[in-house]
Amino acid sequence: MLDTRLLRQDLETVAARLGIRGFELDIAAFRALEAERAAVQQDTESLQHERNTKSKAIGQAKARGEDIAPLVAEVGGLGDRLQGLRAKLGDVQEQLTAFLQTIPNLPDPSVPAGDDESDNLEIRTWGKLPAFNFEPLDHVDLGAGGALDFEAAAKIAGSRYVVMRGQVARLHRALTQFMLDTHVSEHGYTEVYVPYILNAAALLGTGQLPKFAHDQFRIAEIAESYLVPTAEVPVTNLYRESILDADVLPIRNVCHTPCFRREAGTYGKDTRGMIRQHQFEKVELVQISAPEASWTALDELTGHAEAVLKKLELPYRAVVLCGGDLGFASAKTIDLEVWLPGQQRYREISSCSNFLDFQARRMMARYRNPDSGRPEYVHTLNGSGLAVGRTLIAVMENYQDGEGRIAVPDVLRGYMNGATSLDLSAV
RNA sequence: GGAGGGGUGGCUGAGCGGUCGAAAGCACUGGUCUUGAAAACCAGCGAGGGUAACGCCUCCCAGGGUUCGAAUCCCUGCCCCUCCA
């Protein structure tokens, strides 16, 4: 949520900056709502003031043993008038909140203009693209012997799910452990385990609701509950409605969860293989930062995700998302894209974002600023470190040998009972 | 499933329908003292909204209700705890 003060003071600038991401702010609607809110609030508050002072006078008169009947008569119709005004104020405020909750975050000035991912800005590349003396297969063909079984998944669940078997299933698990261990022991994160079913307040806090309800798996039998779409939601919301001591910042949490997404509106996109699934695993990095430290924290967090790719020796590049590709709550996002030989292109494997105080304001996550002594909003950040399923296919495609085997990256061998390569046909 | 108890400021925890935004303690901040620190003592210290600023308004889990007036009484919901099955 944006700062309403900023909206009141400098609406044109806000609208212009939102335009960078292709969002059209309805200036007239905001002005009208805000003017009504101010008027109704003033009326309500002055009436409340009147009631308060008169009621207090009644109390004092009674304490002195005076007759309070005439005073009570004077306050007669106040209650009803007040109730009417309050209802109206509640109504206006509800409309205003609903309006504000659908406004995305302001893009940072360094975010490039653009409509979609083709306008994203490459800022660095790492690693050498593998050269094969054979035609590299994609993960679907590599796993066709049963290691990756999409038909079995369709039989028991539906499309956009996968069944993994044997050594590949183990490799997938190994990757998860490896990522968690790396972030905990080398990057100073605290591992957290969280519920996978979340209430609506949590999804409101990080911005998935109300605007993206269509992409969530809602549990019909339990009111206001959803399957976790990303660990960002539970982990960031751990700090909702709290005032943190400055010396606990920055908070660095790493969390592995399955992620559930309806992927509504992406029909026909990435339907082949494991790129876009309704259920996938992710190791998520979440940081709660003091405001002045959040941009440094974004660079660090991105580096932590990159470290995993480097250890796995997977070639990748980093891009800054353009305005049109930027997520709803993010002020700036750096995507890491891993090279997939089967597709001959880079694909997103991590998305690292600084949300500034956008999520913190929605969820009232604050810290006590030692300089002012007052509670102020923290900044929140997160990034995948990494998406496990996509990392699995990156390993499979980059480490294939053309003869139905894939080499196990050095850093994973300890998690694979020492195996140096996997036979994909031996499921 | 049954029967109780409870949700109050950063934390612990008092609170008769009116003088309660709320005792007290802890924590924190400033000061005195000290070579310095600790201790002791003194003072300050909830959050949000609104205003140029002040007055002001709201908030004691959430939502309703009773009342001139609700942290306090009533109803519903959520959550936590104890005992029984």
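Protein chains get the first letters and strands the later ones, always in sequence-line order, with residue 1 at the start of each. Hydrogens, waters and symmetry mates are skipped; everything else that's a heavy atom, side chains included, is used.
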> Taking protein heavy atoms under 4.0 Å as touching, what does nucleotides 62-67 of chain B look like 5' to 3' if B marks base contact, S marks sugar-phosphate-only contact and - marks none?
Replying inline: ---S--

>> One character per nucleotide, please: for nucleotides 70-81 of chain B, 5' to 3', B when the base has a protein heavy atom closer than 4.0 Å, S when only the sugar-phosphate does, - otherwise.
In response: ------------

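Not a single donor-acceptor contact under 3.5 angstrom links the side-chain atoms of A:Lys56 to the base of B:G18.
Nucleic acid contact for A:Gln60: none, since no nucleic acid atom lies under 4.0 Å from a heavy atom of the residue. Among the heavy atoms of the strands lying under 4.0 Å from A:Ile58 is at least one base atom, whether or not backbone atoms are also near. Contacts of A:Asn52 with the nucleic acid, taken as non-hydrogen atoms under 4.0 Å apart, involve only primed sugar atoms and P, OP1 or OP2. Among the protein residues, A:Arg5 comes within range of the sugar-phosphate backbone only, with heavy atoms under 4.0 Å from sugar or phosphate atoms but none that close to a base.
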Name each donor-acceptor pair under 3.5 Å that joins a side chain in residues 90-109 of chain A to protein atoms two or more places apart or in another chain, with its distance.
{"residue": "A:Asp91", "atom": "OD2", "partner": "A:Gln95", "partner atom": "NE2", "Å": "3.4"}
{"residue": "A:Thr97", "atom": "OG1", "partner": "A:Gln93", "partner atom": "O", "Å": "2.8"}
{"residue": "A:Thr102", "atom": "OG1", "partner": "A:Phe99", "partner atom": "O", "Å": "2.8"}
{"residue": "A:Asn105", "atom": "ND2", "partner": "A:Ala329", "partner atom": "O", "Å": "3.0"}
{"residue": "A:Asn105", "atom": "ND2", "partner": "A:Phe355", "partner atom": "O", "Å": "3.2"}
{"residue": "A:Asp108", "atom": "OD2", "partner": "A:Ser110", "partner atom": "N", "Å": "3.1"}
{"residue": "A:Asp108", "atom": "OD2", "partner": "A:Ser110", "partner atom": "OG", "Å": "2.6"}

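Distances were taken from every side-chain heavy atom of A:Met364 (C-beta onward) to each of B:G50, B:G10, B:G48; the shortest belongs to B:G48. Checking B:A47, B:C56, B:U58 against the side-chain heavy atoms of A:Arg86 singles out B:U58 as nearest. If you check B:C57, B:A47, B:G69 against the side chain of A:Ser55, the one that comes closest is B:G69. Side-chain atoms of A:Pro375 lie closest to B:G48 of the nucleotides B:G48, B:C57, B:G18.
The CD1 atom of A:Ile275 lies 5.5 Å from the CG atom of A:Leu340; values are rounded to the nearest 0.5 Å.
When both pairing distances are held under 3.5 Å, B:U32 makes a Watson-Crick or G-U pair with B:A40. Within the shown strands, B:U58 is the pairing partner of B:A47 under the Watson-Crick or G-U definition, both distances less than 3.5 Å. Across all strands shown, nothing is found opposite B:A23 as a Watson-Crick or G-U wobble partner with both distances under 3.5 Å. Remark: B:A3 base-pairs with B:U82. Criterion, Watson-Crick or G-U wobble with two distances under 3.5 Å. The pairing partner recorded for B:G17 is none, the criterion being a Watson-Crick or G-U wobble arrangement whose two distances lie under 3.5 angstrom.
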>> Set out, in order, the CA-CA distance, both residues' side-chain angles and the distance that settles side-chain hydrogen bond (donor to acceptor under 3.5 Å, both in side chains) for A:Glu263 and A:His278, then state yes or no.
In response: CA-CA 7 Å; A:Glu263 294 295 349; A:His278 289 310; over 6 Å; no

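The pair A:Arg165-A:Asp149 counts as a salt bridge, with a side-chain nitrogen and a carboxylate oxygen less than 4.0 angstrom apart. Using a 4.0 Å cut-off between a side-chain N of Lys or Arg and a carboxylate O of Asp or Glu, A:Arg124 and A:Glu306 qualify as a salt bridge. The pair A:Lys311-A:Asp410 does not count as a salt bridge, with every side-chain nitrogen at least 4.0 angstrom from each carboxylate oxygen. A salt bridge does not link A:Glu284 with A:Arg252: none of the charged nitrogens is closer than 4.0 Å to a carboxylate oxygen.
Checked by atom type, the side-chain pair A:Thr206/A:Glu232 shows no donor-acceptor distance below 3.5 Å. Judged by distance alone, the side chains of A:Tyr189 and A:Gln287 do bring a donor and an acceptor atom under 3.5 Å apart.
The aromatic rings of A:Tyr415 and A:Phe178 sit perpendicular to each other, their planes meeting at more than 60°, with 30° as the lower class boundary.
Comparing A:Arg366 and A:Thr4, the nucleotide of RNA chain B nearest to each residue sits closer to the 5' end for A:Arg366.
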